[in-house]
Amino acid sequence: MNTVRAELRKLLTLPSLRLTVLLTWTANLMVTYAYAAAESRGESIGDNAALAPLGYTQAGFLVLGVLAAASEYQEGGQIRTTLLAMPRRRHLQAAKALALAALTLPVAAATAATSTLPADGATWTPAATAYLTLTTLLGAAVAGVVRRAVPAVVLLLGLYFIAGPLLRARSAASASYLPDTAALDPSRGATASIIWTLSALTLAALSLHRRDA
Amino acid sequence: MITIDRVSKTKSRTRILYDVSFEARPGRVTGFLGPNGAGKTSTLRILLGLDRPQSGTALICGRPYRKLDRPLTTVGALLDGSGAHRARTARAHLRWVAASNGLPDRRADEVLEVVGLTSDARKRAGQFSLGMSRRLGLATALLGDPEVLVLDEPVNGLDPAGMRWIREFLKDSAAEGRTVLLSSHLMGELAEIADDVIVIDKGRVVIQGGLADVTGGHRTLEDAFLALTAAEEGGSW
Amino acid sequence: MVSLVRAELRKLLGLPTAWIGLVLGTLTAPVIVLLNAPYTRRAIAAGTLTDTTDLGLRDLGIGLIGPMILGVIVVSSEYTSTGPDAPGARQLTTTLTAVPSRRRLLAAKTTALILVVAAQAAVTAAATLTLTQVLHGEHAPTPAPARVAAAILYWTLTALLAYAITLITRNGIVPLTLLIINSSVVSVSYLLTKVTDLAAYLPDIAGAQMFIRSADVPVEIAPLTAGLVMTAWVVALLAVGAVLFHRRDV
């Protein structure tokens, strides 16, 4: 319990996380507005307008997870302090995930609500909240393995925004195995999201357990 | 009490520690001496559970670091840097560390006072000078009022007043019955405070014992150190 | 100046992340052309893909992640700390001690970036277009040299755009996120063109019209004007970045 409390405190006192949340919210409002405006101009973009903005704002949540995890390895070498204070690494990894999820959940709920409610998609709000939270944990897990923020961001955004759409364009039907399918169609991609996140977290835990700090 | 028993470590195919064994006893200041790259930091990192040895054991009060409950109340450690994220204030840093070991928030202010950083409590760690970073690192080590202190090159980056302060602080800590293990490549510094000395070179313990025994027939600890570590190279600089 | 540029080139190419950008940027477009070849052939045969003048050139847009990474890390690497010992110390301190004139430093950095990205773009364009000719030669006309040059210019300007934004933000994450999201299939800029016609003058939308003919945009811009619009964006942002870089403490 002490460990979770310490991890929560760490996250709450990181200015970069606050900034990421603010930027994500601003971007979400803008994209939601853009979709609504395009719709009212009679320009259809073809996606489900209730969920489409999430396709963009999920980037903010990936970055949130990356920054939360990579901050340990940035300048100053905070990871050593963390491991000296909490040497049980499996414990630590669980506490980290728990703290990040607790912090992300309200942020994700607010984001999901602002983009789904104006498009009459209230039924999607819980699913979208869960999806964004899982995405944040996935981002944190990847950054926990990569240990550096910029490469982790390049890797994740490259996969989500460049490789993903290409794979989906080739075979739309079988793309439900991708981690971000749930952003487009929660009913189809939920399992994939959960499995991807859990696997990434497991990998991060193994990496933390095995490697020298 | 610190017990290191036949610890070996290979890092990227290079053997960096060969069967390192020594003890650091309560009530004494133990100096861990060696030139740059001799394996001092690697040994301390293994002792603190940060790195894993290939073989051997490193125990603190009879247990490996990773098995300690609320470790900061047993061991206080200072490695290079402050160990704080640059964007966090000194107080915020100390408070999360305190929370992780169930220590009250007021400990953060108490240790800031001890190391003389009270007026910088709201500054971000990234704005600290080298000396202030070291003091913040030391404050972190003292949070749990530990009975064992492990310090890697503690005087690095400190000004003369800071050096004298830490010398007195470590002597007092040992006098109170704590175990103090500190590494250094500064012989003069160690000779003034160490009761016991371990000399390591190229990953092997060359000699260990009381300060007088190690200094032996040499005039100073420095002479003994250079004779022991530079012998096979035949050169000095 | 030549030695300064050489130093900056060495610094850039010594970064592992730069090589990710180089490899990713150079390989993505040709690999996509190769992987998509059966689909493209089928589309041409079925008559769904009638306008083949953009074939190959359009794929070049996918590799843009390369120049983006390069443009960002040229700056962001200067702002990362050099080690745990001094959380305040950054590589930029060393750089500015070696080259105290910030104007000369920026000029050298910009030149180094242009050289690397233009070379990368030339190689990628050659590989992608040759591959397109080999695979679909009978359907795809050889693109005019001017359009190939425009594509290379587009890559270079994109790298400079990333570079300018990073000079302003001093942090790599913000520009990378912004630019990568915006290079996805349905980019934010494209979305904005559905809201306002003015969005056609955003740098990426306008710039692409330098070498792509059949773009889905509200306002058609002639290639030369398109180039000027994108250059104006880059120059404006670079000017802001340079002024800030000049004024700020390290």
Side-chain angles (χ1 to χ4, degrees), chain A residues 16 19-20 23-24 27 30-31 33-47 52-53 55-60 62-64 66-67 70 73-81 148-171, chain C residues 15-17 20-21 24 28 31-32 35-36 38-39 59 61-66 68-69 72-73 76-77 79-90 166 169 171-197 199 216 218:
Chain A
S16 59
L19 187 67
T20 309
L23 286 177
T24 306
M30 278 170 53
V31 175
Y33 167 77
Y35 264 93
E39 205 95 322
S40 68
R41 277 181 62 166
E43 298 256 23
S44 177
I45 301 167
D47 292 328
Y56 298 100
T57 35
Q58 62 179 338
L62 286 170
V63 171
L64 189 72
V66 167
L67 291 180
Y73 300 94
Q74 269 167 9
E75 45 261 66
Q78 182 184 262
I79 184 68
R80 290 178 328 219
T81 313
R148 284 173 58 220
V150 170
V153 165
V154 169
L155 178 70
L156 284 164
L157 295 185
L159 288 176
Y160 271 68
F161 288 88
I162 296 172
L166 286 173
L167 286 172
R168 200 164 278 125
R170 287 172 58 107
S171 53
Chain C
L15 293 168
T17 321
I20 297 181
L24 219 58
T28 310
V31 168
I32 295 292
L35 289 179
N36 279 343
Y39 300 88
D59 297 297
I62 297 163
L64 278 175
I65 189 169
M68 286 171 187
I69 294 175
V72 166
I73 62 160
S76 69
S77 64
Y79 285 101
T80 17
S81 146
T82 44
D85 245 340
R90 294 164 156 182
T166 317
T169 60
N171 160 308
I173 309 277
V174 175
L176 270 176
T177 310
L178 205 72
L179 291 166
I180 296 181
I181 298 177
N182 214 21
S183 64
S184 94
V185 178
V186 182
S187 72
V188 180
S189 304
Y190 174 76
L191 177 60
L192 289 177
T193 61
K194 301 289 177 196
V195 180
T196 162
D197 291 350
D216 173 22

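The structure displayed is predicted, hence computed values, not measured ones. Below, chain A is the first sequence line, B the second, and so on; all start at residue 1.
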If only atom types and distance count, is the side chain of C:S187 paired as donor or acceptor with the main-chain N or O of C:S183 below 3.5 Å?
-> no
Between [atom1] of [X] and [atom2] of [Y], what distance do you get to the nearest 0.5 Å?
X: C:D59; Y: C:I32; atom1: CG; atom2: CD1; result: 7.5 Å
X: A:S16; Y: C:N171; atom1: OG; atom2: CG; result: 8.5 Å
X: C:L64; Y: C:L179; atom1: CG; atom2: CG; result: 9.5 Å
X: C:Y79; Y: C:I73; atom1: OH; atom2: CD1; result: 15.0 Å

Measure [X] against the heavy atoms of chain A and call it side chain, backbone, both or neither at under 4.5 Å.
X: C:N182; value: neither
X: C:T177; value: both
X: C:I180; value: both
X: C:L35; value: both

Determine the option with the most heavy-atom pairs under 4.5 angstrom with chain C, choosing from A:V154, A:L156, A:V153.
-> A:V154
What part of A:V150 is in contact with chain C, defined as an atom under 4.5 angstrom from a non-hydrogen atom: side chain, backbone, both or neither?
->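 Contact with chain C: backbone and side chain both.
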